[in-house]
> 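The structure under discussion is supplied below as C-alpha cells; questions concerning it will follow.
As the structure is a computational prediction, the values presented were derived from the model and not from experiment. Chain identifiers are assigned alphabetically (A, B, ...) following the order of the sequence lines, protein sequences preceding nucleic acid strands; residue numbering begins at 1 within each chain.
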Amino acid sequence: MVIVSHSIKVAEGIRDITQQMAKEVNIIAAGGTDEGEIGTDALKIQAAILDANTGDGVIIMVDLGSAVLSAETALDFLDEELRKDVRIADAPIVEGAIVAAVQASTGATLKEVINTANEAYTLRKL
Amino acid sequence: MSKYIAAITAVGQAIIKNKEYLTELDREIGDADHGINMSKGFEAVINKISSLDEDKDIGFVLKTVAMTLISSVGGASGPLYGTAFLKAAVPAAGKIEIDAITAQAMWQTAITGIKERGKASRGEKTMLDSLEPAFEAFSEGVKTDKTLFECLELASAAAQKGVEYTKTIAASKGRASYLGERSIGHQDPGATSSSIMIAALLEFCRTQMTGGV
C-alpha cells in the first residue's frame, strides 16, 4: 500500500495508524515534494510503489487534487507488467487505508482490497 | 548553449518573473501557490538543462524538462505541464531543430496529454482555455504556409484572448471549482501561465531574428 498526501507528516501518520491495525502489510508513505514541501511528487510515488510491491498488487491511497494527478502520472512510469497490479483507491484516505490494509492482511485479492477501500465512503462517524 | 535550451530557459525566466502575478491570481480563486510552484519548477528546470551535454536532442531535453516539473512543482500543474512536455518530446525525438509542422505535432500531443491527465476539456477555466485556441491559431498559420514565427504570433494573440475568456466562465476543474459561479470575473492562473510561456517563446524567436541575445 502507498499513502499519498500533500504533507509528509500526514502520509507518515496515516501509515503509522494503518500499520498498527495491519502489521504484516507493506505500507509506504509518499508525502510532500522532493524537497519535503507541501505538494505531491510523481517520482516519489513511483519509487514508493516499487518499494510497496511484494508481488500481490499495490493499492494507492490519495488525499486531494494533485495527489490523484501525480499518482496517475506515476502509473504511467511503471512497467506494463506491474501497472496492471496497481490501483488508485477512490476512497477517503484514512478510513480507506485502514479497512483496505485490514482486508489485505487476510490475504484478500487486490480487487477485494480495492472494493473494501472504496466502500469506506459509507462509513459513518455519528 | 544550444538554441532550444536557450528557448526553454527564456520560457522559464518568464514564469519566474511572473511568480507574484500568478500567485496573486491563484489567491483569488485557488490556493495561492501557482506562481510559487511554477517558479520553483522552472528554477529546477533551468538548473537541470544548463548542465546537459550539448549533443542532447530536443526530445531528450523536453523529457528532462518534463521529469523535473513532475517532481519539483508539487501542485497539479506539475503532472499537467510535465505530461505536456513529456508528450511533446515524442515528435521531437532525435531532432535538433523544430519546423512549424513538427511544432504543430508537438503541440497537438501535448494538449491531448493534458486533457487525458486532467480529464478536462475547453471551457472549464483551465490552461486548456488558452492552450487550445492558441494551438488552433498556430495550425491555421501552418495551413496558410506562414513562418514558424508568424504562427507563434497568431498563437500568442489567441492565447491572450483565451485568458480574457476565462474571466467570463465558472471553473469546473481544480481548486477553483469549489467556488463555482463565484469564480466568474477572475482570470484563470493556469491559462495565464500557458499564455506567458507562449509569449516568451515568441519573444525568444523575435530576438533570434533580430540578432539579439
> Taking all non-hydrogen atoms of both residues into account, name the closest pair between Leu69(A) and Gly118(B) and its distance.
CD2-CA, 4.1 Å
> Mind checking whether Ser71(B) and Thr33(A) have side chains closer than 4.5 Å, heavy atoms only?
no
> Is Lys173(B) close to chain A through its backbone or its side chain, or both, or neither, when contacts mean heavy atoms under 4.5 Å?
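Contact with chain A involves no heavy atom of Lys173(B) at all.
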> What's the spacing between Thr73(A) OG1 and Leu69(B) CG if we round to 0.5 Å?
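Reported to 0.5 Å precision, the distance equals 11.5 Å.
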> If you count heavy atoms of other groups shown closer than 6.0 angstrom to CD of Glu97(B), is the number above 12?
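Atom CD in Glu97(B) is not crowded, with 12 or fewer foreign heavy atoms closer than 6.0 Å.
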> Using a cut-off of 6.0 Å, state whether more than 12 heavy atoms not belonging to Leu123(A) lie near its atom CG.
yes
> Quick check on Glu81(A): does its CD atom have over 12 non-hydrogen neighbours (other residues, nucleotides or ligands) under 6.0 Å away?
no
> Which heavy atom of Ser66(A) sits nearest a heavy atom of Ala76(B), and at what distance?
CB-N, 3.2 Å
> Let me see the working for Glu72(A) and Lys119(B) under side-chain contact (heavy atoms from CB on, under 4.5 Å), right down to the final yes or no.
CA-CA 11 Å; Glu72(A) 287 172 345; Lys119(B) 298 174 193 80; 2.7 Å; yes
> When rounded to the nearest 0.5 angstrom, what is the spacing between CZ in Arg117(B) and OG in Ser70(A)?
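The distance works out to 9.0 Å.
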> Which one of Leu64(A), Asp41(A), Val68(A), Ile45(A) has the most heavy-atom pairs closer than 4.5 Å to chain B?
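The answer is Asp41(A).
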> Rounded to the nearest 0.5 Å, what separates atom CG in Asp33(B) from atom NE2 in His6(A)?
8.0 Å
> So for Thr83(B), is it side chain, backbone, both, or neither that comes closer than 4.5 Å to the heavy atoms of chain A?
side chain
> Working to the nearest 0.5 angstrom, can you tell me the gap between Asp34(A) CG and Thr68(B) OG1?
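Rounded to the nearest 0.5 Å, the CG-OG1 separation comes to 9.5 Å.
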> State whether Lys40(B) and Glu37(A) are salt-bridged, where the test is any N-O pair (Lys NZ or Arg NE/NH1/NH2 against Asp/Glu carboxylate O) under 4.0 Å.
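Yes, Lys40(B) and Glu37(A) are salt-bridged.
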> Could you check whether atom NZ of Lys84(A) has more than 12 heavy atoms from other residues, nucleotides or ligands sitting under 6.0 Å from it?
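Above 12, so yes.
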